[in-house]
Amino acid sequence: MDRTILHCDCNSFYASVEALHRPALREKPLAVGGDVEQRHGIILAKNDRAKRYGVKTGEALWQARQKCPDLVIVPPDYPLYLRYSRLCREIFMEYTSQVEPFGIDEAWLDVSGSTGIFGGGPQIAEEIRRRIRFELGITVSIGVSWNKIFAKLGSDYKKPDAVTVISRDNYREIAWPLPASDLLYVGPATRRKLASRQITTIGRLAAVDPANLRRWFGKWGDVLWAFANGEDRAAVAEFDELAVIKSIGNSCTTPRDLEDDGDVGLVLWVLAESVAARMREQGFVGQTVCISVRDRGLQSFTRQRKLPHPICLSSEITAAAMEIFRANYRWDEPIRSIGVSVTDFSHDDIPVQLDMYDDYQKREDLAEIERTVDGLRRRFGNGCVRRAALLRDTDLTGFDPKADHIIHPVGYF
Ligand SMILES: [Mg+2]
């Protein structure tokens, strides 16, 4: 029995979400641009109007401005995009638990098991397309096929706001005339190698003797042949939040320059509390802590350390961050900005060896306190409960860390 697989791709995702939240920008050429300091200022996404001026993802902001002087560039708001990504996923999950994200704005769905309830693949795709436009205000294009590769090809085939079915009956007409490089994972090197043998389309690739492909590409040749003939058998994975979020971190340019370890400790506390809260929201524990530091001379560095066991308490994150800091900073200059992030996640409900922790009961008690504080802050605001130690310098610790939280999804480059 053939599977029924959908590939959903949000159209101009970052730009669409931005336009939704800034209606005044909807009719303007709009791009989301990486932060000049951190990301060397490149275009991360653009809307259709910007595309018409030739603005491309990945090019420098100044290049884009040259092509389109009226281009509106807004900084990326990852927490917002992640929220929409999750809202999309909540809709997907109504149809199947086999939802495999591919980056923040694409996902495969294996709906084979639910066609009896919701109708065939094309019908489910239509319903999801309509619901996402109606309920979220953004558009998706969806490919429907019996394998992941052709489903992905289908979502690229017609956009925005469209469904393309690539079936056993029509794949020769739809997929085979397309360039071989439209196949997922066929990059420039493979494309060139194929083109040098006059294999330019998927159909031509499908017709090549697999033995030849194996000779030219090794094992990859078999994969290519299977892709082109719709014989990709890779399964759509069950949804797993760990696959989506790679790191949770927070940083700030401090209200005044930090002069000593005491100052750094205070700010790290505030940041770590917000990181810990966000990790608990996701149900994560993490085993690697990373700090980033920029001094007044704008020199910066990042250092990370893998811990003996996964953590999620703000006290543990602060302690680890502080240790990394002490081992790496010599105080030649005061510090202007500092950040802490945690990566290397696992789920917090996996069993742990009790002897990994010095005092298991004490740690459980602390975790309970932090969860309680999370609840209070959710209801009454971040400032409603504060650590007494942080009152030592409220200028330094009075910022709301939740406001500029950074969560790095896969595909963040
Ligand atoms: Mg997309």
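Atoms within each ligand, like the ligands themselves, are counted from 1 in listed order. Values below: every heavy atom of this structure, side chains too, minus hydrogens, waters and symmetry copies.
Taking the six-membered ring where tryptophan is involved, the planes of F150 and Y171 are tilted, since the angle between them lies from 30° to 60°.
Checking side-chain atoms of N170 against main-chain N and O of S167 turns up a donor-acceptor pair under 3.5 Å. The backbone N or O of V72 lies less than 3.5 Å from no partner atom in the side chain of K28, so there is not a single donor-acceptor pair.
Ordered by chain and number, D9 OD1, C10 O, D105 OD2 make up the set of protein N, O or S atoms under 2.8 Å of the Mg ion (ligand 1).
Among all heavy-atom pairs drawn from F239 and P101, the shortest one is CE1-CG, 3.6 Å.
Ion pair D110/K148 not flagged as a salt bridge, since none of the NZ, NE, NH1 or NH2 atoms sits closer than 4.0 Å to an Asp/Glu carboxylate oxygen.
When the side-chain hydrogen bond (donor to acceptor under 3.5 Å, both in side chains) test is applied to D77, no partner is found at least two apart in sequence or on another chain.
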